[in-house]
Amino acid sequence: MTTDPLPILELTYPELATELGRRYGRGAYHAAAIMAAVYRQGLDPLQAPEVQSSRRLAAALARDMAVDPGTVVDARSSDGVVKFLTRLWDGETIESVVLPMATHLTVCVSTQVGCRMGCRFCETARMGWRRNLRVAEIVGQVVTARRHFGDGVRNVVFMGMGEPLDNFDNVVQAVRVITDQRGLDVAMRRVTISTCGLDEGIRRLAGLRWPHLRLAVSLNAPNDRLRDILMPINRRVPLKRLMAALDAFPLAKDSALMMAYVLVPGVNDGPEHARQIAALLAPLKARINLIGFNPLSGENGYRAPDEAEIDAFGRHLADAGVFVCRRRTKGQDLAAACGQLRSQRPSAAAR
Ligand code: SF4
């Protein structure tokens with residue numbers, strides 16, 4: 001009998017059933033009971049009656065099970081937005097955010113500790129990259145949100161700390177687990193993965209053939225010259241390459257690519273920029289999420305636009321034929337583009 005850790009939060013129902021069979025000669029019945037305990041009843045799986053009725057299985061699970069997604073060490077609420085700070089097994093901390101939307105709650109999850117993409121307007125970028133999150137650490141953020149807010153948490157957006165496609169395998173497995181009907185049962189059309197523009201990751205994602213998965217791209221600049229400055233990834237993956245990858249991305253009939261555009265006054269908000277965006281997006285089924293820059297530490301010299309500046313740029317875009325979605329609340333802006341979520345660097349106090 002193996003004693004490898006059994007990472008419950010990293011497995012889908014069929015995978016868990018297979019593992020229980022391989023390890024302990026059990027299967028679907030106990031897998032379903034464990035999934036229900038963890039994801040629906042907020043229980044330690046050892047407390048599931050189906051597990052308790054088998055002393056040998058309970059003992060083996062007590063020895064092997066690994067369900068450590070980290071510990072919530074702080075939860076703060078403002079403007080209806082709740083931020084969770086989670087300390088991980090190695091002392092690193094990550095932030096997740098629960099946001100009220102019109103009819104439901106959205107949880108915005110982190111995928112890495114830090115980020116190596118270096119976007120100019122982003123607080124997480126200042127940390128540099130520290131490590132990828134494990135599948136359980138990603139899924140655990142959704143579990144935490146559900147435990148606090150219940151089934152109203154229906155949308156999951158991968159827009160917290162980190163570049164999701166830079167942690168591709170773990171993010172994809174986390175999506176499989178989160179959407180498993182025996183577990184959290186989040187509909188695939190309610191899952192959004194955001195990227196700063198890693199074309200290879202976008203193509204790999206397309207290869208999964210998940211047409212209901214939503215893809216968001218942090219565009220933020222209408223041309224290579226400006227995007228090279230704001231988003232260094234553009235020097236490696238210029239707009240032409242990015243657009244080609246997006247063009248090949250499968251979309252459901254009622255879906256569109258979401259292009260986040262963080263408006264920075266005097267930098268990317270001219271009428272000519274709106275015209276360039278229209279030309280860029282013309283071949284795609286895409287819409288722009290227009291978001292006011294959220295000055296976090298204020299160290300990069302950019303300022304927040306006022307409402308009139310955002311409205312004016314929105315009109316330029318609409319006049320150029322671009323479908324624009326303007327989010328009105330600070331909280332919802334946070335779930336519209338990565339880099340708009342204030343990350344908290346691990347500190348001695350936090351550890
Ligand atoms: S904006 Fe997103 S991709 Fe860019 S550095 Fe920040 S977390 Fe990374």
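Counting starts at 1 for both ligands and their atoms, in listed order. Counting from 1, the numbers follow the sequence of the chain as shown.
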key: Cys196 neighbourhood, listing ligand 1 atoms whose heavy-atom distance to it stays under 4.0 Å   = 3 (S)

request  = Would you check if the distance from the ring center of Tyr24 to the ring center of His30 is below 6.0 Å?
outcome  = no

request  = Run the salt-bridge test on Glu10 and Arg134 with the 4.0 Å N-O cut-off and return the result as yes or no.
outcome  = no

ask   = Hey, is Cys115 touching ligand 1 through its side chain, its backbone, both or neither, going by heavy atoms under 4.0 Å?
value = side chain

inquiry  = Please determine whether any non-hydrogen atom of Gly118 lies less than 4.0 Å from an atom of ligand 1.
reply    = yes

ask   = atom 8 (Fe) of ligand 1 to Cys122: any N/O/S contact under 2.8 Å?
value = no

query = Does any non-hydrogen side-chain atom of Ser194 lie less than 4.5 Å from one of Ser218?
reply = yes

query = Which ligand 1 atoms, with their elements, are less than 4.0 angstrom from a heavy-atom of Ala125?
reply = 5 (S)

ask   = Under a 4.5 Å cut-off applied to non-hydrogen side-chain atoms, are Pro45 and Met65 in contact?
value = yes

inquiry  = I'd like to know if Arg23 and Asp4 make a salt bridge, using a cut-off of under 4.0 Å between side-chain N and carboxylate O.
reply    = no

task = Under 4.0 Å from a heavy atom of Cys119: give me the atoms of ligand 1 that qualify, with their elements.
result = 1 (S), 4 (Fe), 5 (S)

